[in-house]
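What follows is a single structure, written as structure tokens, with notes after it.
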Amino acid sequence: MPQRPYIVGNWKMHGTRAMLSEARAIDRAAQRHMKVEVAIAPPYTLIHPVHREAEQIAVGAQDCHHEEGGAHTGDISATMVADAGAKFVILGHSERRQNHGESDALIKQKTNAALAAGLRIILCCGESEKTREAGKAVNFVKKQLKASLPDFGDDTDLISEKLTVAYEPIWAIGTGKTATVDDIAEMHAEIRTLLVSLYGEEQGGEVRILYGGSVKPENASEILGTPEVGGALVGGASLTADSFMGIALAAGDAEEG
Ligand code: 13P
């Protein structure tokens with residue numbers, strides 16, 4: 001059975017305890033829109049407070065270290081975020097790849113660590129403007145994704161629940177630019193083909209593929225109505241309940257339409 005549309009807020013480095021009221025408002029609104037799965041990934045410091053207050057939405061982390069523990073000052077493991085109440089972790093975001101030099105190989109280690117800690121994964125991929133202009137976007141994204149996916153081994157039963165892919169073209173993040181519907185449809189179809197070839201129709205066909213990059217209430221219907229778009233990973237517009245739930249509402253409508 002197809003999964004519900006998945007609308008995930010990535011709060012990035014935004015949010016102090018003053019933002020808890022916004023998280024509460026998102027949670028309350030999500031209770032009225034059960035056709036859509038709503039989740040937020042606040043900064044580490046708010047994972048536990050949001051988890052304690054949320055009745056409906058899942059809370060997640062924006063990253064984790066690839067080891068379970070050790071002498072890694074300032075780092076946080078998958079086990080720790082799970083202990084704080086996180087149910088999922090975003091991995092391979094382009095801001096981590098760019099600002100922290102994260103390679104596909106490291107992200108693969110992180111996805112494996114997340115699985116071992118019982119977390120669901122939102123694995124991000126996406127090309128730069130230069131790569132798109134060179135006509136190499138599809139090949140780049142498929143290669144990046146393949147190299148960062150976890151090793152599911154023989155444990156293939158629940159892949160579509162454990163794994164979500166987020167396609168986020170780097171040039172569309174925080175810029176107000178979005179990819180065209182045709183480009184999104186093409187990339188999502190290519191990602192779907194890859195997932196089916198790796199995990200078979202039953203699991204690979206059901207993994208949700210989110211789009212991310214300047215998604216707002218105003219453009220959400222069009223984006224979420226695009227074939228193979230199973231939801232959205234939202235940055236700026238997830239910081240207020242009003243705009244974030246505007247996107248969730250559009251997801252519910254796209255589901256019905
Ligand atoms: P914006 O929605 O602010 O463009 O951010 C997208 C993003 O990076 C979500 O992970």
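In each ligand, atom 1 is the first atom listed, and ligand 1 is the first ligand listed. Counting from 1, the numbers follow the sequence of the chain as shown.
- The contact set between ligand 1 and L233, taken as ligand atoms under 4.0 Å from a residue heavy atom, comprises 9 (C), 10 (O).
- For ligand 1, the atoms lying closer than 4.0 Å to a non-hydrogen atom of G213 are 4 (O), 6 (C).
- Not a single N or O atom of I173, backbone or side chain, sits closer than 3.5 Å to an N or O atom of ligand 1.
- Per-residue contacts place N10 under 4.0 angstrom from the following atoms of ligand 1 (heavy atoms of the residue considered): 9 (C), 10 (O).
- Remark: distances from the non-hydrogen atoms of G212 to ligand 1 are all 4.0 Å or more.
- When each of E67, E102, H66 is paired with K110, the side-chain hydrogen bond (donor to acceptor under 3.5 Å, both in side chains) condition holds for E102 and for no other.
- Of all protein heavy atoms, the one closest to atom 2 (O) of ligand 1 is G235 N, 2.9 Å.
- Closest protein heavy atom to atom 5 (O) of ligand 1: K12 NZ, 3.2 Å.
- Looking at ligand 1, you'll find an N or O of S214 within less than 3.5 Å of one of its N or O atoms.
- Using a 4.0 Å cut-off between a side-chain N of Lys or Arg and a carboxylate O of Asp or Glu, E129 and K177 qualify as a salt bridge.
- Under the 4.0 Å criterion applied to side-chain N and carboxylate O atoms, R120 and E37 are assigned as salt-bridge partners.
- Of all the heavy atoms in G231 and I7, the pair that sits closest is CA-CD1, 4.1 Å.
- Between Y167 and H188, the ring planes lie perpendicular to each other; the angle is over 60°, past the 30° to 60° tilted range.
- Between D104 and K146 there is no salt bridge, since none of the side-chain N atoms of the basic residue sits less than 4.0 Å from a carboxylate O of the acidic one.
- Of all atoms in ligand 1, numbered sequentially from 1 with element shown, those under 4.0 Å from a heavy atom of G236 are 1 (P), 2 (O), 3 (O).
- Of all atoms in ligand 1, numbered sequentially from 1 with element shown, those under 4.0 Å from a heavy atom of E168 are 6 (C), 7 (C), 8 (O), 9 (C), 10 (O).
- Salt bridge annotation for E127-K136: absent, with no cationic side-chain nitrogen under 4.0 angstrom from a carboxylate oxygen.
- Between atom CD of residue E206 and atom CD of residue E202 there is a gap of 8.5 Å, rounded to the nearest 0.5 Å.
- The main-chain N or O of I57 is found under 3.5 Å from a side-chain atom of D27 such that the two form a donor-acceptor pair.
- Heavy-atom separations between A237 and ligand 1 are all 4.0 Å or longer.
- Proximity of K216 to ligand 1 is not established, as no heavy-atom distance is less than 4.0 Å.
- The nearest protein atom to atom 4 (O) of ligand 1, hydrogens excluded, is given as G174 N, 2.6 Å; this is a heavy-atom distance.
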